[in-house]
*Asks:* 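Submitted below is the structure of interest, expressed as structure tokens.
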Amino acid sequence: MPEPQFSRALPLLSALLLSLSCPAVSIGQQPVFSPPSPAPAPAAPTASNDIVVQNTYAAFAKIPSLTAQELDYGKKLIKGMDYNAQRVVRRFSVLPGASFSLCGPVLADLAENKISFEQLLAFEQWTALPGATMPQAAGLLPGLRAMRREALKTFRACVSMIGIDASLALRLIPQLNAMNDDSSLTARQLFAIRGMDVRRGLDNLATLQKFNRKQAWAFASLASVPDMSPDTALSSLPLINALRDEDAWNFQYFIKRAKPDCHTAWTWLTRYFSQPVPVQENMHYSMTAQNRSALLDALYHAGEEVVWKINNLHAVTNEYGVEYSQAQLAGMSAEQLQGLFNKLSPPTRTRYGGSFAAARQAGGGKMINVLRQATTADRTQVAQDLTSGNIYALLAQGSELYDSSFRDILVPILKARVSTMHRDDLLVFLQATDPGNLLVSNFIVSLAQKGKLTDFFPTNAAEQQRILELVASSAFKDEDSILLFSATFRYLLTVLEPSSRHFLIQKMVAADNGKGSFSKLITVILQYYIQEYQELLSPESTVLIKQTIARNGAIDISRYLGTPFAQWKQDGQLGSLSIFHPDDDGRTSFVSNAQMLSRHGYRLTLSDQYSFPANAAQRQRFESLVAQAGGNFAALFEAMRREPFSAAFVKKVNGITILHAVHVYGDQENQKQVMLRFLKGGDEMLAQRGHSYWRSEQITDPIKQLQESQQITDQDLLAKQHFLSLGSCGGVKIYTKLTRLFLGRLDILATIGTGQAMINDPYNLHFFEIIANNSPGMSWEDLARKTSFIFSAGRGQDYLQPGCLTAILHKILDEDMKRQGIKPKQEAEDLW
């Protein structure tokens with residue numbers, strides 16, 4: 001019988017065994033351990049844990065040849081141990097090879113040092129393996145404590161495999177601990193498959209470690225399918241190792257969303273996701289309508305990652321999407337620039353490889369110029385390497401895409417395919433691509449909002465209405481779909497023929513089921529348009545809307561236009577926190593914001609609330625850096641990027657102190673503390689500036705982490721109605737997500753298009769000054785009138801101001817859900 005391959009890949013690690021053995025052990029000699037002088041007795045156990053202590057002591061007493069002194073020593077230590085430690089003792093004491101000389105040091109260690117529940121479970125699993133002995137176990141405990149969390153979870157999966165023994169499990173610890181988190185994840189999922197034997201599991205570790213992150217997550221998703229078999233999982237390894245990043249990412253979302261069984265998952269991997277793009281394109285249109293809908297659902301929910309990639313390629317960025325400045329690129333070596341070039345897609349590297357090599361020979365800045373050209377070209381190449389269905393799903397994301405990504409990259413590619421493959425007929429394309437009408441509404445209103453609907457939309461009213469039939473079937477499914485639809489409803493109405501507008505109004509009225517929040521939202525939309533956009537409605541539409549309002553009852557919209565200004569002004573101060581990212585875009589936004597505040601009489605100072613000096617000397621240094629900045633706000637930005645302090649612009653207006661703090665993102669832990677101080681410190685406005693894809697790092701992730709650690713509670717979020725100014729690109733999905741994150745106690749200025757400093761800077765400045773100079777009873781409508789000069793001449797048409805229709809609908813829905821005790825849906829962002 002041939003030697004198992006794992007024994008060659010994983011040789012015996014004698015040094016490890018020596019390091020894991022009990023310190024008292026010496027070669028060829030029985031270790032000796034004598035109990036020390038009796039220590040003071042610990043506090044008496046409570047009645048609730050008497051049984052646990054008795055059972056633990058009974059297990060300990062089974063160790064052969066214990067003296068009375070040794071029994072007494074063990075009894076005293078056991079009484080002082082926590083529950084986890086006592087469970088270890090119960091399993092440890094009955095192992096073969098037990099002796100007090102081995103057990104004594106372990107008891108002393110457990111009495112002094114905690115063992116986590118995860119470590120305890122791993123220890124208990126190991127003790128059930130063939131060949132487990134007390135001498136080995138004595139060394140295992142410190143080994144488990146030293147393991148990284150991900151490695152420990154993988155170890156637990158490892159010891160569940162068929163055929164593993166205690167000795168081999170010990171020898172695997174160094175290799176498991178040396179794996180990165182992605183490799184640990186794949187190994188853990190492989191080992192945990194029912195029926196996986198140790199030989200095959202270990203034989204394939206080397207292949208797993210070749211996976212990049214997206215491939216690792218794709219395999220982990222596949223391996224987690226409940227009825228996954230070892231044969232199927234192992235057969236998938238070379239296929240997954242060959243997947244493009246986009247296919248790997250889409251595949252793992254397909255597993256998450258569709259929840260297929262083993263056979264179905266294998267079929268999708270082999271027949272679709274592992275195939276070249278032209279084959280995938282053809283497969284999309286040959287599969288059943290049900291399968292097309294399942295695929296589109298996965299592509300839509302996986303879209304954030306592909307959107308991120310296409311957006312990032314607007315410039316040369318690092319692996320986290322942070323843009324390299326010209327100065328940073330100029331300071332890089334030829335090897336570093338080559339490394340950035342090598343990250344581009346294979347077709348782009350082939351296309352620009354000769355030019356880049358020639359530029360490298362020529363030296364100077366020519367490499368940077370070619371790198372920028374290739375990066376720009378790769379943006380289009382990545383899009384061209386997507387199927388039409390994938391591009392359709394991405395365009396349905398709408399404002400998650402930069403305008404340039406949407407209008408200049410994806411739309412032209414899809415338009416060309418609709419022309420050549422679908423007779424230049426949008427209806428034919430929609431029916432073939434999305435027969436279940438899953439994303440039709442999102443797609444159409446996104447095109448309308450971005451000004452690209454006319455590229456696709458027919459001018460004939462009858463043809464428009466056939467498409468609107470599809471729009472209605474997906475736009476009026478539930479409350480969340482209506483929220484998305486409402487923000488761009490006006491854009492859609494403006495491009496429709498008058499008869500088609502009325503047709504769409506008829507569809508809205510027909511969708512009204514007269515029940516609960518759903519009916520209320522439709523009624524409010526119709527009521528709002530008859531009040532604010534009468535010019536878009538025909539006489540027939542007006543009559544129909546009035547009949548609907550009469551049937552359902554008019555909603556008092558003014559109830560949802562109230563402001564929190566009275567509470568805000570009680571302490572004589574209005575405070576904001578603006579967050580900028582440490583990239584070129586963040587620097588530009590920071591400087592423009594600071595210059596405007598400075599021109600309007602705001603005085604620059606250190607922000608005590610959002611600075612983190614370690615001592616008085618460092619605080620003095622921070623104050624000096626702020627003072628030295630003067631009007632050089634780019635230099636101030638660089639100083640704040642390097643060190644943990646923030647600045648503030650201060651001015652008194654009508655007796656109210658206005659304080660605009662400015663902060664440059666540092667790292668995750670620092671940002672968590674910044675958000676903690678914002679939520680507990682009393683400031684009213686939070687402004688997120690720069691690229692939209694930093695929103696999770698800057699706002700949502702820190703708040704969720706603070707909630708998980710219970711550093712903030714629902715009461716903290718409900719204590720004050722906050723205002724959020726989203727200076728970055730936005731969309732209704734993030735609008736909804738943030739509203740629910742703040743438990744409805746939030747008003748928002750956001751764009752469903754591209755954020756503009758020419759809007760963000762003056763709005764944030766005048767927002768507080770208008771509040772300070774006016775009655776606290778002012779409504780959002782009043783504030784909109786007083787800030788209208790910012791949006792004059794057609795500027796900022798994509799902005800959703802507080803008090804707009806979308807804001808009203810969110811408040812109505814939040815009110816109804818709270819009354820019914822319904823918790824809003826929150827889409828999970830991470831799979832693992």
Side-chain angles (χ1 to χ4, degrees), residues 150 153-154 157 179-194 196 200-201 203-277 279-281 283-284 287 291 294-310 319 343 345-346 382 385-387 389-390 393-394 827-832:
E150 293 301 310
K153 291 192 289 186
T154 303
M179 289 180 178
N180 62 37
D181 286 353
D182 295 327
S183 294
S184 289
L185 172 64
T186 53
R188 179 163 68 251
Q189 294 299 115
L190 178 69
F191 296 162
I193 293 172
R194 185 184 300 274
M196 181 61 67
R200 292 201 292 172
D203 277 353
N204 287 280
L205 276 183
T207 301
L208 294 178
Q209 289 175 285
K210 294 177 184 176
F211 290 170
N212 64 31
R213 189 180 193 199
K214 292 181 176 61
Q215 291 168 343
W217 283 36
F219 177 76
S221 298
L222 177 68
S224 68
V225 170
D227 65 337
M228 181 54 55
S229 70
D231 288 342
T232 301
L234 295 174
S235 297
S236 76
L237 294 178
L239 295 174
I240 289 180
N241 195 29
L243 288 180
R244 299 180 311 134
D245 281 358
E246 291 80 9
D247 288 322
W249 193 255
N250 289 337
F251 179 59
Q252 61 127 344
Y253 263 86
F254 178 82
I255 298 294
K256 176 190 177 185
R257 301 289 303 178
K259 296 180 172 53
D261 59 21
C262 176
H263 173 74
T264 304
W266 171 255
T267 301
W268 275 92
L269 174 62
T270 56
R271 296 187 183 179
Y272 184 83
F273 288 101
S274 63
Q275 296 295 327
V277 173
V279 176
Q280 291 181 358
E281 184 81 9
M283 283 292 298
H284 184 104
M287 63 179 66
N291 282 341
L295 176 60
L296 284 175
D297 178 73
L299 296 176
Y300 179 78
H301 286 90
E304 183 176 346
E305 185 71 15
V306 187
V307 165
W308 167 286
K309 185 171 184 177
I310 294 173
E319 61 184 310
K343 292 180 179 179
S345 66
V382 168
D385 289 341
L386 299 173
T387 64
N390 206 343
L394 294 182
E827 282 288 337
E829 293 186 353
D830 297 315
L831 293 179
W832 306 102

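Side chains are part of it too, since the values below use all heavy atoms of this structure and drop only hydrogens, waters and symmetry mates. Just so you know, residue 1 is the first one in the sequence shown, and it goes up from there.
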*Asks:* Return yes when atom NZ of Lys343 has more than 12 non-hydrogen atoms of other residues, nucleotides or ligands closer than 6.0 Å, and no otherwise.
*Replies:* yes
*Asks:* Do Leu205 and Phe191 have side chains that get closer than 4.5 Å, going by heavy atoms?
*Replies:* yes
*Asks:* With a 3.5 Å distance limit and no angle check, can you tell me whether Asn250 reaches the backbone of Glu246 through a side-chain donor-acceptor pair?
*Replies:* yes
*Asks:* Within the side chain of Trp249, is there an N or O that forms a donor-acceptor pair under 3.5 Å with the backbone of Ala302?
*Replies:* yes
*Asks:* List the steps and the verdict of side-chain contact (heavy atoms from CB on, under 4.5 Å) for Leu299 and Val306.
*Replies:* CA-CA 10 Å; Leu299 296 176; Val306 187; over 6 Å; no
*Asks:* For residues Thr154 and Ser184, report the shortest heavy-atom separation together with the two atoms involved.
*Replies:* OG1-O, 3.0 Å
*Asks:* Gln189 and Met228: side-chain contact (heavy atoms from CB on, under 4.5 Å), yes or no, with the steps?
*Replies:* CA-CA 10 Å; Gln189 294 299 115; Met228 181 54 55; over 6 Å; no
*Asks:* May I ask you to decide if Thr270's main-chain N or O and Gln275's side chain share a donor-acceptor pair within less than 3.5 Å?
*Replies:* yes
*Asks:* Looking only at non-hydrogen atoms, find the nearest pair between Val225 and Pro260 and report the distance.
*Replies:* CG1-O, 3.3 Å
*Asks:* Measure the CZ-CG distance between Arg257 and Leu295 for me, rounded to the nearest 0.5 Å.
*Replies:* 13.0 Å
*Asks:* So Phe254 and Phe273, would you call those rings parallel, tilted or perpendicular, with 30° and 60° as cut-offs?
*Replies:* tilted
*Asks:* Can you see which heavy atom on Trp266 is nearest to which on Ser235, and at what distance?
*Replies:* CH2-CB, 3.8 Å
*Asks:* What pair of heavy atoms forms the shortest contact from Arg244 to Val277, and how long is it?
*Replies:* NH2-CG2, 3.6 Å
*Asks:* Within the side chain of Gln209, is there an N or O that forms a donor-acceptor pair under 3.5 Å with the backbone of Ser183?
*Replies:* no
*Asks:* Is the closest basic N to carboxylate O distance between Asp181 and Arg188 below 4.0 Å?
*Replies:* no
*Asks:* Just wondering, do Cys262 and Asp227 contact through their side chains at under 4.5 Å, heavy atoms?
*Replies:* yes
*Asks:* How long is the span from the CG atom in Leu269 to the OG atom in Ser221, to the nearest 0.5 Å?
*Replies:* 11.5 Å
*Asks:* When rounded to the nearest 0.5 angstrom, what is the spacing between NZ in Lys256 and CG in Asp297?
*Replies:* 10.0 Å
*Asks:* Under 4.5 Å between any side-chain heavy atoms of Phe219 and Ser236, yes or no?
*Replies:* yes
*Asks:* State the OG1-CD1 distance between Thr232 and Ile193, to the nearest 0.5 angstrom.
*Replies:* 8.5 Å
*Asks:* Can you tell me how far CG of Leu386 sits from CD of Glu281, rounded to the nearest 0.5 angstrom?
*Replies:* 10.0 Å
*Asks:* Can you tell me which residue pairs pass the salt bridge (charged side-chain N to carboxylate O under 4.0 Å, His left out) test with a partner in residues 259-271, sequence neighbours excluded?
*Replies:* none
*Asks:* Could you tell me whether the side chains of Gln280 and Asp247 share a donor-acceptor contact shorter than 3.5 Å?
*Replies:* yes
*Asks:* In terms of the angle between their ring planes, are Tyr272 and Trp268 parallel, tilted or perpendicular, with boundaries placed at 30° and 60°?
*Replies:* perpendicular
*Asks:* For the atom pair CG (Asp245) and CZ (Arg213), what is the distance rounded to the nearest 0.5 Å?
*Replies:* 11.5 Å
*Asks:* Out of Leu190, Thr207, Thr186, which one pairs with Leu237 under the side-chain contact (heavy atoms from CB on, under 4.5 Å) rule?
*Replies:* Thr207
*Asks:* In sequence, state the C-alpha distance, the side-chain angles, and the governing distance for Phe211 and Asp182, and then conclude on side-chain contact (heavy atoms from CB on, under 4.5 Å).
*Replies:* CA-CA 8 Å; Phe211 290 170; Asp182 295 327; over 6 Å; no
*Asks:* Go through Thr387 and Met283 one step at a time and tell me if the side-chain contact (heavy atoms from CB on, under 4.5 Å) criterion holds.
*Replies:* CA-CA 10 Å; Thr387 64; Met283 283 292 298; over 6 Å; no
*Asks:* Ignoring hydrogens and geometry, is there a side-chain-to-backbone donor-acceptor pair from Gln215 to Leu243 under 3.5 Å?
*Replies:* yes
*Asks:* Closer than 3.5 angstrom, by distance alone: can the side chain of Ser345 be matched with the main-chain N or O of Val382 as a donor-acceptor pair?
*Replies:* no
*Asks:* What is the minimum heavy-atom distance between Ala248 and Ala218, and which atoms define it?
*Replies:* O-CB, 3.5 Å
*Asks:* Which heavy atom of His284 sits nearest to which heavy atom of Gly389, and what is that distance?
*Replies:* CE1-CA, 4.2 Å
